[in-house]
Amino acid sequence: MPKIVDPEARRRAVADAVFRVSARDGLEHASLRNVADEAGLAIGSVRHYFSDHADLMIFAMRELGRRVSERVLAHAERLLNPEPGQTSAHRRDAAERLLGELLPLDESRREEAVLWLTFTTAARTRPRLRPFAEEMDEGIRTVVRRVLTEARRAGGLPSDLDIPLETQRLTALLDGLTLHAVLHPERVTPRTMRAVLRRHLDELARSGRGRRPPSSPRRSARKVPGPPDAR
């Protein structure tokens, strides 16, 4: 009997080959032939599932995003649907763990970060990849925005927190840490990244403490000149 092949499993296996070639030799070497050799397939088999090289790269980008999203959503479920009686400290730890999934804190996440940087850099000069790089970026922003919104709703952040601005700021922090951890792993270690993220979240939480409630404007303390002296 002919061997039954699961098309989706085969496509994901080819994507794994793209990841290995790209991480080892660079994206420019992830040709259809090299990827087929890496996957142990004939090039005709790869062409059966992907119409051209760009189609293969697009699928690989989406597959990378899917894997990251699955892992993040596992943490999001605990954060966005807390158990009864869960304290603010528990919610704070859950938010930190969720955001930590977007940082290269271990070898597998570091490999994902390298691939993410590789694909987003390639998208700058490859128009067909650009929408999918933007899709990946927007996915990260959505996660960050949701974490901040839920933290504000639960009372862990100031009620007047500027969510769009703080989303931009926290996303930039995560992107910067990821880039430097990939380029300078001996200096930007997992411990350093956790400390920077924790400090940022602590400062966000403290920013609402000790504020005076808004009050009506005070009258000027200056003395109003009286009428001229009659003497």
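Just so it is clear, the model here is predicted, and its values are computed rather than measured.
Panel note: side chain R110, backbone L105; no donor-acceptor pair is recorded below 3.5 Å. With hydrogens and angles disregarded, a donor-acceptor distance shorter than 3.5 Å links the side chain of T120 to the backbone of L117.
Within the 4.5 Å cutoff, no side-chain heavy atoms of V196 are placed close to those of V188. Side-chain contact between P131 and E135 is absent, with no heavy atoms from C-beta onward closer than 4.5 Å. For the pair L204/R169, a side-chain contact is recorded, criterion being any heavy-atom separation below 4.5 Å from C-beta on.
Taking CD1 from I163 and CG from L157, the interatomic distance works out to 7.0 Å, rounded to the nearest 0.5 Å. Interatomic distance, I140 CD1 to T167 OG1, rounded to the nearest 0.5 Å: 13.0 Å. Within the model, atoms CG of D106 and CD of E111 stand 9.0 Å from one another, a figure rounded to the nearest 0.5 Å. In this structure, CG in L98 is found 10.0 Å from CZ in R71, a value given to the nearest 0.5 Å. We find the CZ-OG1 distance between R126 and T121 to be 10.5 Å, quoted to the nearest 0.5 Å. To the nearest 0.5 Å, atom CD of residue E63 and atom CZ of residue R12 are 5.0 Å apart.
F19 and F132 end up in the same hydrophobic cluster when Ile, Leu, Val, Met, Phe, Trp and Tyr side chains are linked at under 4.5 Å. Hydrophobic clustering (ILVMFWY, side-chain heavy atoms < 4.5 Å, transitive): L103 and V114 are in one cluster. Hydrophobic clustering (side-chain heavy atoms under 4.5 Å, transitive across Ile, Leu, Val, Met, Phe, Trp, Tyr) keeps V182 apart from V21. No path of Ile, Leu, Val, Met, Phe, Trp and Tyr side chains, each step under 4.5 Å between heavy atoms, connects L165 with L148, placing them in separate hydrophobic clusters.
Using a 4.0 Å cut-off between charged side-chain N and carboxylate O, E150 and R146 make a salt bridge. With respect to R47 and D55, no salt bridge is recorded, no charged nitrogen being found less than 4.0 Å from a carboxylate O.
The two residues P127 and T125 have their closest heavy-atom pair at CD-O, 3.6 Å. Taking every heavy atom of both residues into account, A15 and A60 meet most closely at CB-CA, 4.3 Å. Scanning all heavy atoms of the two residues, the minimum distance from W116 to L64 falls at N-CD2, 3.8 Å.
Under the rule for a salt bridge (charged side-chain N to carboxylate O under 4.0 Å, His left out), E134 has no partner lying at least two apart in sequence or in another chain. Applying the side chain to side chain donor-acceptor pair (under 3.5 Å) rule to E70 yields the partners R66; only residues at least two apart in sequence or on another chain are considered. Under the salt bridge (charged side-chain N to carboxylate O under 4.0 Å, His left out) criterion, D37 pairs with no residue, sequence neighbours left out. Q168 meets the side chain to side chain donor-acceptor pair (under 3.5 Å) test with R141; sequence neighbours excluded.
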Pair D93-R97, side chain to side chain contact (heavy atoms under 4.5 Å, CB included): steps then yes or no: CA-CA 6 Å; D93 289 344; R97 286 196 299 273; 3.6 Å; yes

Should V144 and V147 be marked as a side chain to side chain contact (heavy atoms under 4.5 Å, CB included) after you check the CA-CA gap, both sets of side-chain angles, and the distance that decides it? CA-CA 5 Å; V144 171; V147 168; 5.8 Å; no

Evaluate the criterion side chain to side chain contact (heavy atoms under 4.5 Å, CB included) for residue pair L27 and L115; output intermediate values, then yes/no. CA-CA 9 Å; L27 191 63; L115 292 167; over 6 Å; no

Step-by-step side chain to side chain contact (heavy atoms under 4.5 Å, CB included) determination, H200 to E96: CA-CA 10 Å; H200 181 81; E96 186 177 323; over 6 Å; no

Distance-only criterion, 3.5 Å: show the donor-acceptor pairs between side-chain atoms of residues 172-179 and protein atoms not counting sequence neighbours.
residue: T178; atom: OG1; partner: L174; partner atom: O; Å: 2.9

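Atom CZ of R152 is surrounded by more than 12 heavy atoms from other residues, nucleotides or ligands within 6.0 Å. Within 6.0 Å of atom CZ in R124, 12 or fewer heavy atoms from other residues, nucleotides or ligands are found, so the atom counts as exposed in its surroundings. Atom NE2 of H29 has more than 12 neighbouring heavy atoms from other residues, nucleotides or ligands inside a 6.0 Å radius.
With D16 as reference, R67 is the one residue of R10, R11, R67 to meet the salt bridge (Lys or Arg N to Asp or Glu O under 4.0 Å) rule.
Applying the ring pair (Phe, Tyr, Trp, His ring centres under 6.0 Å) test to every pair with at least one member in residues 41-67, sequence neighbours left out, gives these pairs: F50-F59.
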